[in-house]
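Take a look at the structure set out below.
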Amino acid sequence: MSTGMPSYGAPQNNGYGNTGQGYGYGASQPGASGPYGSMPPVQPTLTIGDGLSWAWSRITDNPVVLLVGFGIWTILTGLGAQASYTVDGVEHTYGLGIPGGNIISLAAMLIGPIAMAHVGLLTSSGRKARFADFFTFPNFLQGFLAMLLSGLATVIGSIFLIVPGIILYYLFTFVRYAAVEYHLNAIAAMRHSMRLLSANVGVLLPFALIGFLLLVAGTATVIGWIVTVPLVALMTTYAYVRVQGRDVARYPSQG
């Protein structure tokens, strides 16, 4: 397990014919929005169709690592999950619900997103993820605190009224990316996520809704989550990168 600053290669082509001198996971683009300062005045150009196409192309380019890696964290998160329903007076229970599973699930929910954000950002910069990347946690402590605080805020919002919890869940979607990419402290990462998502509701809310529907569809088909979880994760990465005025790494087959 790695928790330090990852080592990155040369800057990647941004897909439009120029290679910027960036840092971290990718090259900064002119007019791009960083963790501080005002939002860029231009509206970001991103579409669900392009996001889905890009995410699917990255999965097919590196299927074993991405499907297995995201699958491992999904399973760990669900170890303590168990639900039941009644049909014709007979109660049916499903879910793993293994002893100690709740503790493992909680830990996975807090640290797994850090590693998955790292994998998503690597993929967006044009590099192929390895299995080791799914167990790499850049800015671990602050990322952990950011996930913990945003999770607690969402739960509290849901307890008092459902709607505030949903709104906070949406606004904190990018917390893990901000903590990983910019090595921000927990509060700064939460603020950056809220700033990006609140300023771009028109373009980002549809991504959130489609992502939710894909995850529901994946769960309903029992094993469909094997594909939908990495697909939604990479779509979210795409939205995070594009909404800041940068582009994800493109390949000859993509426009």
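All values below come from the heavy atoms of this structure, side chains included, with hydrogens, waters and symmetry mates left out.
A heavy-atom distance below 4.5 Å is found between the side chains of N200 and V243. At a threshold of 4.5 Å between non-hydrogen side-chain atoms, the residues V65 and F134 count as touching. Residues T47 and V203 fail the side-chain proximity criterion, which asks for heavy atoms closer than 4.5 Å.
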Check residues 149-157 and write down every donor-acceptor pair under 3.5 Å in which the side-chain atom is one partner and the other belongs to a residue at least two apart or another chain.
from, atom 1, to, atom 2, distance (Å)
S150, OG, A146, O, 2.7
S150, OG, M147, O, 3.2
T154, OG1, S150, O, 2.8

Tabulate below the donor-acceptor pairs under 3.5 Å that side-chain atoms of residues 160-175 make, not counting sequence neighbours, or state none.
from, atom 1, to, atom 2, distance (Å)
Y170, OH, L197, O, 2.9
T173, OG1, Y169, O, 3.2
T173, OG1, Y170, O, 2.7

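If you check the side chains of H192 and E181, you find no donor sitting under 3.5 Å from an acceptor.
With hydrogens and angles ignored, the 3.5 Å screen pairs a side-chain donor or acceptor of S57 with a backbone N or O of W54. Remark: side-chain polar atoms of N185 are paired, donor with acceptor, to backbone N or O of A188 under 3.5 angstrom. Here the side chain of Q142 pairs a donor or acceptor atom with the backbone of A186 at under 3.5 angstrom. Proximity of a side-chain donor or acceptor of S193 to a complementary backbone N or O of M190 within less than 3.5 Å is not detected. In terms of modelled atom types and a separation under 3.5 Å, the side chain of R242 and the main chain of R246 share a donor-acceptor contact. Judged by distance alone, with hydrogens and angles left aside, the side-chain atoms of S53 form no donor-acceptor pair with the main-chain N or O of G49 at under 3.5 Å. When atom types are taken as modelled, the side chain of K128 and the backbone of L122 share no donor-acceptor pair closer than 3.5 angstrom. In this structure a side-chain-to-backbone donor-acceptor pair under 3.5 Å is present from T60 to W56.
If you take CG on L204 and OG1 on T236, they are separated by 10.0 Å, rounding to the nearest 0.5 Å. Here the straight-line distance linking atom CH2 of W225 with atom OG1 of T74 works out to 5.5 Å at 0.5 Å rounding. Atom OH in Y240 sits 14.0 Å away from atom CG in L46 (nearest 0.5 Å). Between the CE atom of M116 and the CZ atom of F137 there is a distance of 9.5 Å, given to the nearest 0.5 Å. Summarising the geometry, atom CG belonging to L231 is positioned 5.0 Å from atom CD1 belonging to I59; distances are rounded to the nearest 0.5 Å. Note: M235 CE to D50 CG = 10.0 Å, rounded to the nearest 0.5 Å.
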Practice item. Let me see the working for N139 and V180 under side chain to side chain contact (heavy atoms under 4.5 Å, CB included), right down to the final yes or no. Key: CA-CA 6 Å; N139 197 22; V180 168; 5.8 Å; no
Review point. Should L121 and V241 be marked as a side chain to side chain contact (heavy atoms under 4.5 Å, CB included) after you check the CA-CA gap, both sets of side-chain angles, and the distance that decides it?
Key: CA-CA 8 Å; L121 290 167; V241 171; 4.3 Å; yes
Exercise for review: Start with the C-alpha gap between F135 and I111, add the side-chain angles, then the distance that decides, and say whether side chain to side chain contact (heavy atoms under 4.5 Å, CB included) holds.
Suggested key: CA-CA 9 Å; F135 301 94; I111 68 174; over 6 Å; no
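Residues in residues 160-177 take part in no salt bridge (charged side-chain N to carboxylate O under 4.0 Å, His left out) pair, two or more places apart or across chains.
For the residue pair V119 and A129, the shortest heavy atom distance occurs at CG1-CB, 3.8 Å. Contact between I114 and G143 at its shortest, heavy atoms only, is CD1-C, 3.6 Å. Between A249 and S125, the shortest heavy-atom distance links the atoms CB-C, 3.6 Å. Closest heavy-atom contact between W73 and A115: NE1-CB, 4.2 Å. G202 and P206 get closest at one heavy-atom pair: O-CD, 3.4 Å. The shortest heavy-atom contact between A179 and A189 is N-CB, 3.9 Å.
Cluster membership for L213 and V227, using ILVMFWY side-chain heavy atoms within less than 4.5 angstrom, is not shared. Under the 4.5 Å side-chain heavy-atom criterion for grouping Ile, Leu, Val, Met, Phe, Trp and Tyr, L205 is not connected to F212 through any hydrophobic cluster. I210 and V216 are assigned to two separate hydrophobic clusters, defined by single-linkage of ILVMFWY side chains at heavy-atom distances under 4.5 Å. Note on I223 and L66: same hydrophobic cluster, where clusters join Ile, Leu, Val, Met, Phe, Trp and Tyr whose side-chain heavy atoms are under 4.5 Å apart, directly or indirectly.
Considering only residues two or more places apart in sequence or on other chains, T237 meets the side-chain hydrogen bond (donor to acceptor under 3.5 Å, both in side chains) condition with Y177. Residues forming a salt bridge (Lys or Arg N to Asp or Glu O under 4.0 Å) with R191 (at least two apart in sequence, or on another chain): none. With sequence neighbours left out, the side-chain hydrogen bond (donor to acceptor under 3.5 Å, both in side chains) criterion links D133 to H118.
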